[in-house]
Asker: 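One structure follows; several queries about it will come next.
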4 protein chains.
Amino acid sequence: MIITVASFKGGVGKTTTAVHLAAFLQSKSRTLLIDGDPNRSTSNWAKRGHLPFKVVDERQAAMHARDFDHVIIDTQARPEKEDLEALAQGCHLLILPTTPDVLSLDALTLTITSLKNLGSNNFKVLLTVVPPRPSRDGDEARLSVEQAGLPVFDRVIRRYAVFQKAALAGVPVCNVNDPKAKDAWEDYVAIGKEILDGEKQVRRSTEATFARAV
Amino acid sequence: MIITVASFKGGVGKTTTAVHLAAFLQSKSRTLLIDGDPNRSTSNWAKRGHLPFKVVDERQAAMHARDFDHVIIDTQARPEKEDLEALAQGCHLLILPTTPDVLSLDALTLTITSLKNLGSNNFKVLLTVVPPRPSRDGDEARLSVEQAGLPVFDRVIRRYAVFQKAALAGVPVCNVNDPKAKDAWEDYVAIGKEILDGEKQVRRSTEATFARAV
Amino acid sequence: MIITVASFKGGVGKTTTAVHLAAFLQSKSRTLLIDGDPNRSTSNWAKRGHLPFKVVDERQAAMHARDFDHVIIDTQARPEKEDLEALAQGCHLLILPTTPDVLSLDALTLTITSLKNLGSNNFKVLLTVVPPRPSRDGDEARLSVEQAGLPVFDRVIRRYAVFQKAALAGVPVCNVNDPKAKDAWEDYVAIGKEILDGEKQVRRSTEATFARAV
Amino acid sequence: MIITVASFKGGVGKTTTAVHLAAFLQSKSRTLLIDGDPNRSTSNWAKRGHLPFKVVDERQAAMHARDFDHVIIDTQARPEKEDLEALAQGCHLLILPTTPDVLSLDALTLTITSLKNLGSNNFKVLLTVVPPRPSRDGDEARLSVEQAGLPVFDRVIRRYAVFQKAALAGVPVCNVNDPKAKDAWEDYVAIGKEILDGEKQVRRSTEATFARAV
DNA sequence: TGAGTTAGAATGGCACCACCCGTC
DNA sequence: GACGGGTGGTGCCATTCTAACTCA
């Protein structure tokens with residue numbers, strides 16, 4: 001499965017998302033992370049410590065892609081509208097992490113609408129860096145995104161300091177010694193399961209269609 | 001005075017910084033904000049409510065610039081290394097807002113070092129979205145930036161929910177009805193004063209040099 | 001006076017026009033050329049030789065604009081429809097150089113019509129790279145543009161090899177040692193005069209309106 | 001086999017080389033061309049007419065790479081020194097097309113030397129746009145490159161107008177109706193055979209090494 | 001004078017850090 | 001002595017309550 005992570009704004013946990021989804025998928029099957037971000041943020045993460053999967057430069061994508069079952073692509077920060085379509089067509093699932101603040105949601109809805117109009121249906125919004133209750137930011141953001149007619153992951157990624165600790169240590173959050181590490185990791189595990197479930201569902205419906213056709 | 005706000009990552013409060021510095025300077029003298037961000041984030045902020053200063057498109061910069069005493073330029077999100085030099089030369093002060101997390105600081109130090117080597121000395125780092133104590137993130141980030149030999153503002157911008165409220169309302173934070181509005185606004189007032197003090201100091205030293213020369 | 005030069009296709013003499021109008025206006029008053037083309041074509045022209053006016057990067061526009069009487073803006077190659085309006089509003093006169101071939105004229109009329117509908121009336125088409133008689137391309141192109149209801153400069157810029165020589169040498173044509181240099185330069189002088197005459201006329205009518213109002 | 005085509009200057013036939021090598025390899029086995037050039041020159045070529053192989057955007061590389069035996073990557077125009085190493089590591093063979101003029105050769109030797117020092121040995125220079133005899137440019141260029149210790153293809157690509165005709169028609173030269181089409185096509189066929197021979201040789205030596213090891 | 005509105009104060013929940021303590 | 005778990009303190013955020021103010 002090929003998953004692309006893209007965002008219109010930085011600082012929304014794009015790299016964190018790419019790293020942790022790769023970590024989750026690696027626990028299921030051979031996974032490759034392609035670092036397409038010009039700041040090489042994923043490669044730097046790996047360099048500081050150790051990530052349990054292979055990370056390669058985007059210019060080496062074609063060479064390595066065929067040797068892995070899952071490929072996560074961490075893209076550049078600010079895709080143009082026209083880039084989006086290309087990105088969506090280059091993967092099975094396009095994940096768009098977004099923080100629940102006005103500026104990010106603005107940027108999201110403005111640009112995504114064009115994607116929806118293009119007929120792409122292989123993308124999903126992921127709410128990240130969600131502040132703890134009693135802040136209702138997460139719920140409001142979800143509402144706003146759903147009202148725009150965009151698909152959203154059921155689970156959100158909460159704001160935990162342990163994610164920064166993990167970036168500093170160069171490991172995924174599950175390998176950090178911290179009381180909150182488990183909670184943080186479970187957020188991504190839940191997202192990973194949503195992804196795999198979604199894929200199964202797609203396959204089943206495809207097979208059903210195929211069976212009917214026969 | 002011409003001030004440019006630029007950053008390597010989004011979501012670090014670039015737009016918020018541009019808007020509030022413009023609001024502060026407007027209280028001193030006629031101020032123009034040039035929206036150079038491709039998502040037009042500043043223009044959208046203004047559209048939702050009312051900002052106490054003029055906002056124009058970057059393509060109209062040359063036309064309006066001469067009518068104002070202060071000009072704030074909100075640039076695009078991800079300048080290349082080579083862009084940075086051009087940006088620095090196009091203003092009296094280049095402000096680089098940064099959040100105190102590892103990924104942002106990485107991006108900052110990597111790219112800025114080249115600026116320092118180029119001999120530019122008209123830039124200053126601004127720590128933004130700093131989490132409250134007892135988190136020591138702000139202090140650690142300051143230390144890290146200072147050790148890299150980069151100039152930093154004394155004051156930092158703290159993480160307050162009221163900033164998002166202000167963005168939503170389309171006004172500067174000082175015009176929001178909220179118990180924390182005053183605290184948030186004072187952070188930017190303090191930065192504004194640091195800027196004006198710095199400018200005075202530069203002028204004084206320039207005049208002194210001139211006087212000596214005569 | 002602020003003049004923007006924009007075009008929908010490359011290779012229509014956009015840079016050549018910007019450079020020579022700046023050279024003409026500099027002979028009247030302090031003139032600045034802003035290089036807004038991503039390939040930095042004007043800056044490269046200046047780098048190869050010497051231009052009799054100041055050339056700056058677009059990102060330094062706000063800083064320098066106020067120190068000059070005339071500003072010529074050489075924009076990026078391929079503006080979108082929505083960009084056009086912004087460009088038109090950011091200057092006193094928008095010049096659209098066009099070669100007299102079918103493809104260029106097509107692109108021109110299609111896009112400009114929207115400008116006309118927006119009520120902008122501060123733009124003018126300039127026929128460039130016009131082949132010598134007996135080719136009637138120039139006349140036909142003029143007819144076609146006028147029938148579309150678009151304002152055109154009376155004079156056209158003829159196709160002269162000396163323009164390429166000038167670009168190579170990094171100087172305006174008037175400083176090239178060539179028998180045709182004078183003819184080529186006079187084309188731009190005539191355009192420059194049309195521009196200044198137009199401005200005077202506008203001023204006179206504005207003053208007349210004002211007098212009547214009083 | 002994964003082949004990357006890169007060059008330091010534009011106008012050296014990078015796109016032409018990528019297209020025709022892909023056309024040749026397609027006649028042997030399933031071949032994919034990845035268009036990594038920001039101006040989408042290859043995609044545009046394909047759009048004008050029809051190319052006998054699949055062309056995809058670089059952002060879709062990971063998705064499609066695994067379904068083809070050969071992959072040709074047409075990279076961006078102006079790689080930095082640091083990019084070169086990454087490019088070389090991302091392919092089995094890095095082809096560097098160069099025209100036999102002083103400026104190009106200069107740029108080539110300067111930058112390549114670093115590659116050679118890095119120990120990369122999977123690259124080869126291809127002389128392109130070589131003018132016909134009696135010009136000795138081709139021979140001199142080959143001499144100069146060989147003296148620099150760089151590997152060069154035995155065959156060169158000659159300058160034929162039919163290449164431009166092919167680009168305009170959106171097909172490979174072999175599908176153009178022109179007396180010179182056969183000659184032009186044979187140049188690339190010869191290069192293609194050199195590449196496949198080289199690969200066989202590498203495989204044989206690898207197997208020999210392996211056999212010895214056993 | 002009463003009702004609605006608004007500003008300020010108090011409360012509870014959560015996340016973070018620091019400290020303490022027990023165990024190996 | 002090092003590591004892990006538990007506890008307390010601080011600060012932000014949202015809610016609720018209360019008090020004062022406005023307007024009819």
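Letters go in sequence order (proteins before strands), and every chain restarts at 1. None of the values given here were measured: they were computed from a predicted structure. Any value given below was found using the heavy atoms of this structure, including those in side chains, with hydrogens, waters and symmetry copies removed.
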Asker: Please report, rounded to the nearest Å, how far the C1' atom of E:dC16 is from the CZ atom of A:Phe163.
Answerer: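 The answer, rounded to whole Å, is 15 Å.
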Asker: Is the number of heavy atoms from other residues, nucleotides or ligands under 6.0 Å of B:Arg48 CZ greater than 12?
Answerer: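 Above 12, so yes.
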Asker: I need the OH-P distance between A:Tyr160 and E:dC17, as an integer number of Å.
Answerer: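 So the OH-P distance, A:Tyr160 to E:dC17, works out to 14 Å.
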Asker: Taking the axis from the first five pairs and the axis from the last five, what angle separates them in the helix from E:dT1-F:dA24 to E:dC24-F:dG1, rounded to 10 degrees?
Answerer: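 For the helix from E:dT1-F:dA24 to E:dC24-F:dG1, the axes at opposite ends meet at about 10°.
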Asker: Check this one for me: any side-chain N or O of A:Ser135 less than 4.0 Å away from OP1 or OP2 of F:dA14?
Answerer: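 So the side chain of A:Ser135 is within the cut-off, an N or O lying under 4.0 Å from OP1 or OP2 of F:dA14.
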Asker: Does a salt bridge link B:Asp67 with B:Lys54, judged by any charged N lying under 4.0 Å from a carboxylate O?
Answerer: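 Looking at B:Lys54 together with B:Asp67, the answer is no, because their closest N to O distance does not fall below 4.0 Å.
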Asker: Can you measure A:Arg159 atom CZ to F:dG11 atom C1' for me and round it to whole angstrom units?
Answerer: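 About 12 Å, once rounded to whole Å.
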Asker: Expressed as a whole number of angstroms, how long is the span from B:Asp183:CG to F:dC13:P?
Answerer: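 Between P of F:dC13 and CG of B:Asp183: 10 Å.
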Asker: Mind checking salt bridge (Lys or Arg N to Asp or Glu O under 4.0 Å) for A:Arg158 and listing every partner two or more places apart, or none if nothing turns up?
Answerer: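 Expected list: A:Asp187.
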Asker: So that I can tick it off, tell me whether B:Asp154 and B:Lys124 are bridged by a salt bridge, with the cut-off set at under 4.0 angstrom between side-chain N and carboxylate O.
Answerer: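 No, B:Lys124 and B:Asp154 are not salt-bridged.
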Asker: Could you give the CG-to-P distance, from A:Asp178 to F:dG4, as a whole number of Å?
Answerer: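 My rounded result for the distance is 11 Å.
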Asker: Take A:Arg136 and B:Pro134, find for each the nucleotide of DNA chain F with the closest heavy atom, and name the residue whose nucleotide sits nearer the 5' end.
Answerer: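 Closest to the 5' end, via its nearest nucleotide, is B:Pro134.
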Asker: Please state how far atom CG in B:Asp139 lies from atom P in E:dC17, giving the value in whole angstrom units.
Answerer: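 Going from B:Asp139 (CG) to E:dC17 (P), I get 12 Å.
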Asker: Between F:dG11, E:dC16, F:dC12, which one does the side chain of B:Arg133 approach most closely?
Answerer: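 The listed nucleotide nearest to B:Arg133's side chain is F:dG11.
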Asker: Taking the nucleotide of DNA chain F with the nearest heavy atom to each, does B:Ala161 or A:Asn177 sit closer to the 5' end?
Answerer: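 The 5'-side residue here is A:Asn177.
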Asker: What is the separation between atom CD on B:Gln164 and atom P on F:dC13, rounded to the nearest whole Å?
Answerer: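 Roughly 9 Å, once rounded to whole Å.
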Asker: Is there a salt bridge (charged side-chain N to carboxylate O under 4.0 Å, His left out) between B:Asp139 and B:Arg133? Walk through the geometry before answering.
Answerer: CA-CA 10 Å; B:Asp139 301 326; B:Arg133 313 217 171 238; 3.0 Å; yes
Asker: Do the ring planes of B:Phe163 and B:His20 sit parallel (below 30°), tilted (30 to 60°) or perpendicular (above 60°)?
Answerer: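 Rings of B:Phe163 and B:His20: perpendicular, over 60°.
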Asker: Can we say A:Asp69 and A:Lys28 salt-bridge, meaning some charged N sits less than 4.0 Å from an Asp/Glu carboxylate O?
Answerer: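 Looking at A:Lys28 together with A:Asp69, the answer is no, because their closest N to O distance does not fall below 4.0 Å.
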Asker: Taking only side-chain N and O atoms of A:Lys180, does any of them lie within less than 4.0 angstrom of OP1 or OP2 on E:dA15?
Answerer: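 So the side chain of A:Lys180 is within the cut-off, an N or O lying under 4.0 Å from OP1 or OP2 of E:dA15.
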Asker: Checking all strands, does B:Pro132 fall into the base, sugar-phosphate, or nothing category for heavy-atom contacts under 4.0 angstrom?
Answerer: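 B:Pro132: backbone/sugar contact only, no base atoms under 4.0 Å.
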